[in-house]
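Chain A is the first sequence line, chain B the second, and so forth, proteins listed ahead of strands; every chain is numbered from 1.
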Amino acid sequence: MANRTLTGWLLDLVARPTSVDLVFRTDDGTTHALSAPFLPSFVVAGHDVRRETVLAAARAWGCRVGRGEGIEIFSGRAMPAWRLRVPVSGLFTRTVRMAEDEFTPEALFNADISPEQQYAYATGLYPLARANVEINEDGVVQAHEILDDPWDVNAPLPELTTATLRIEGDGHPAHGRSRPLLLSYDGRSYAFEQVDGAGLLHDLSKRLREADPDLLVTEYGDDYIVPTLLELSARCGTLFSLDRTLATPAGNRVGKDPRKPIPPRSYMSYGKVVYRAATHTAFGRWHIDARNSFLFGDTGLPGLIELARLSGIPLQRLARSSPGTAISAMEVALAMSRGILVPFKKREPEDFKTGLALVETDKGGLTYLPRPGVRGNVAELDFASMYPSLMDRYNISPETINCGCCDPGQPVPGIGAHTCTRRRGIIPDTLAPILEKRRQLKARQKSADTSEGKEAFRKRQTALKWLLVVSFGFLGYRNARFGRIEAHEAVTAWGREKLLMAKEIAERDGFSFLHGLTDAIWVTRTGATETDYLALGGTITRETGMPIALEGVYDWIAFLPSKQNPAVAVPNRFVGAFRHGEVKVRGIALRRSDTPPFVAALQKRMVGTMGTADSLPALRKLRTELEAMIEDAVRELRGGRVPPEALTIARRLSKAPDQYVANSAAAAVTRELCGRGVALQPGSKIRYMLTDDGKMRGASKRAVRATALPGGRSMGFLDGSETPDLDAYETMVREAGAELLWATCVRG
DNA sequence: CATTCGCGGGG
DNA sequence: GTGTACGCGAATG
């Protein structure tokens, strides 16, 4: 049998001992299991690394050695380098660890990049790439040709089928009583009762084969459904697998997923603790746990595909990673394509700084304190993607900040640092095409003629937005691969400079500056029209070189007072009505995820009513109407007409159950759930209701009861006899109402 | 009053 | 295989 060529898309890559398995979808809709010989490698480099040592070590570890050069990122200069290719993929991590001891971590490069990504970067065969692949009679790839470009906004994608698997009802299945399993596809649903183990597995497997989805989306699949099914399978001896039967030249076979589950863990991300359940991936199809995937929840399949294509990270792993992993992978890929050696472990110490310099540079974004009060005819102007745009425009990167080659270079305002004017940095060169592609996707989102089309473009541009957002925080993290605190500080220094310039330009042109926050300003001028504000935006864009856009003109905006000190406002607490009635709110109860839905709903109704006021006098006239809305809500609550699920409070635990010091409601609920055998980790989410059964017993402390996650109709362990603490809820309702009512009774 | 704890952000 | 920093506000003790 001769070689043949397949045309289609690469759906997945999975490392095997001496190869990478490729899951490939041809244009006729068949999914093939192909294989490409591949061994991962890493680099040992440095002027003081001795050739004999490398050769001896490589011999001892069974590695093939290639001699070459690599570019040291900070100096930009070439240095002697040796590539060590491990004999078996599975030995990669272990060999790197031995090399760390032998050569020091500083001498290792490109050493923590997964075999799948190494293959993708070496071949251009990224996940979801469209390609021709030439295979021999054993399905081994002989040659390939990439047919598209990940930066192409219009690149064609395969038709993909989806099925969903979840437990009936809402909420974490472990936080309540047992409920049936539901498999849905092609608009139909099938329920499976969890009584007869073998029968359940048999029926479910049959339906899954019939559905044969490319993508299986579960809710709590990683954390609950799949491990429960696997335990059941082990107990009753009936095989169960999420894996798929694929076409191979030798006949169809079920590919077994060689990936081991990554154990569960809790970690800090963006100031909060996140819990990641153990991963259960599939071979031949994708399994995504919607509840264990930040990116899927926010950007869906289109967003995941967008990022998989750009970063080279296989889709199932990407689904379980943060945007930081994706942007880091893109930086790594760009560095490698330029021959730059990627540092193995972070080790750049921060430059020495005096105490004074630290105070001056460590300021972050510029924040003003608006005067509390209500103002009419106010414009908000926002710099677009300010921090990533600054990194791009001023070439801010770990290797370009305070470079040794430029004197003076491009000075950074106010912090005595400079950036390189000769060599573009890895970070700005990673960000520039993302900024450009996001602009294109946003334009397509606007011009798309169907709501489905708009939604797909929205999800894709949102995925890119996340890359841009985290790219900044990433710079400031001292252990990030391309992080350097001086670069982070240069970004905020430029940000303060630009915001200050915007303020001064506005004031020069006769506007009053009311408020400024990192990348946004609020200004007003008596009698100014939208045209005047647009002109101001044009002037600021021209004079700062940074695009600023008119977010909108508020008919009125209330800067709300601090509850701790009513004489001052809080930078990010306001309510404002744009022309056409749309209301923008920040910092009030309805924006918080731990506000009971009933309380948030009252604020939403009030805000909707306030949006009908197109002037300050009109707003003040609404006062009695708004007061009546609050009283209605209290009556509804007191009348027992509020369903309990509307009174639940959601929280994310920041620590392990036994670490709680204060006896907070959340701590009490945590104890209750642990007592019921629910495993809670830092980052686990809980939901509870304030009840009055404590009061019956005369206890002074507030009583609470756990409910199911994440709300909705299922009430977990509640049996219906519990009654909400109406006093506590009435207080919350009145305070939430008063927060907004304030805007109708003050003057600017 | 001090301390503990969790949220927001972007759109 | 992640990734800022920090202020606000509610509740506890």
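Without hydrogens or angle criteria, A/S293 side chain to A/F296 main chain gives a donor-acceptor distance under 3.5 Å.
Here the nucleotide nearest the side chain of A/T325, chosen from C/dT2, B/dG10, B/dC5, is C/dT2. Of the listed nucleotides (B/dC5, B/dC7, B/dG10), B/dC5 has the atom at the smallest distance from the side chain of A/Y660. The side chain of A/R438 sits closest to B/dG11 out of B/dG11, B/dG8, B/dC5.
Within 4.0 Å (heavy atoms only), A/T367 reaches no atom of the nucleic acid at all. Using a 4.0 Å heavy-atom distance criterion, A/S114 is classed as making no nucleic acid contact. In this structure, A/Q461 reaches neither bases nor backbone, as no heavy-atom distance under 4.0 Å exists between it and the strands shown. Among the heavy atoms of the strands lying under 4.0 Å from A/L653 are primed sugar atoms or P, OP1, OP2 only; no base atom is included. Residue A/F472 is classed as having no contact, given no heavy-atom separation below 4.0 Å to the nucleic acid. Counting any heavy atom pair closer than 4.0 Å across all strands shown, A/R573 reaches sugar-phosphate atoms only and no base atom.
Regarding contacts with the backbone of C/dT2, a side-chain N or O of A/S321 is found under 4.0 angstrom from either OP1 or OP2. A close approach under 4.0 Å does not occur between any side-chain nitrogen or oxygen of A/T462 and OP1 or OP2 of B/dG11. Remark: A/S322 is not in phosphate contact with C/dG1, judged by side-chain N or O atoms under 4.0 Å from OP1 or OP2. Look at A/K563 and you'll find a side-chain N or O under 4.0 angstrom from OP1 or OP2 of C/dA10.
In this structure, A/Q445 atom CD and B/dG10 atom P are separated by 18 Å, rounded to whole Å. Summarising the geometry, the separation between CG on A/L369 and C1' on C/dC6 is reported as 14 Å, rounded to the nearest angstrom. Atom pair A/I649:CD1 and B/dC5:C1' shows a separation of 14 Å (rounding to whole Å applied). Straight-line distance from the CZ atom of A/R651 to the P atom of C/dG9: 15 Å, rounded to whole Å. As a whole-Å value, the separation of A/R652 CZ from B/dC7 C1' is 10 Å. Protein atom CD of A/E739 is 17 Å distant from nucleotide atom P of B/dC7, rounded to whole Å. Here C/dG1 presents its C1' atom at 13 Å from CG of A/L318, a figure rounded to the nearest Å. Taking atom CZ of A/F294 as the reference point, atom C1' of B/dG11 lies 12 Å away to the nearest angstrom.
Listed by first and then second residue, the ring pair (Phe, Tyr, Trp, His ring centres under 6.0 Å) pairs that reach into residues 578-599 of chain A are A/Y554-A/F578, sequence neighbours excluded.
Using a 4.0 Å cut-off between charged side-chain N and carboxylate O, A/E100 and A/R97 make no salt bridge.
Side-chain to base pairing of A/K465 with B/dG11: no donor and acceptor N or O lie closer than 3.5 Å to each other.
One side chain, A/E380 or A/W522, offers a donor N or O that lies under 3.5 Å from an acceptor on the other.
For A/R444, the salt bridge (Lys or Arg N to Asp or Glu O under 4.0 Å) test picks out no residue, with sequence neighbours left out.
Ring planes of A/H488 and A/F472: parallel class, angle under 30° (limits at 30 and 60°).
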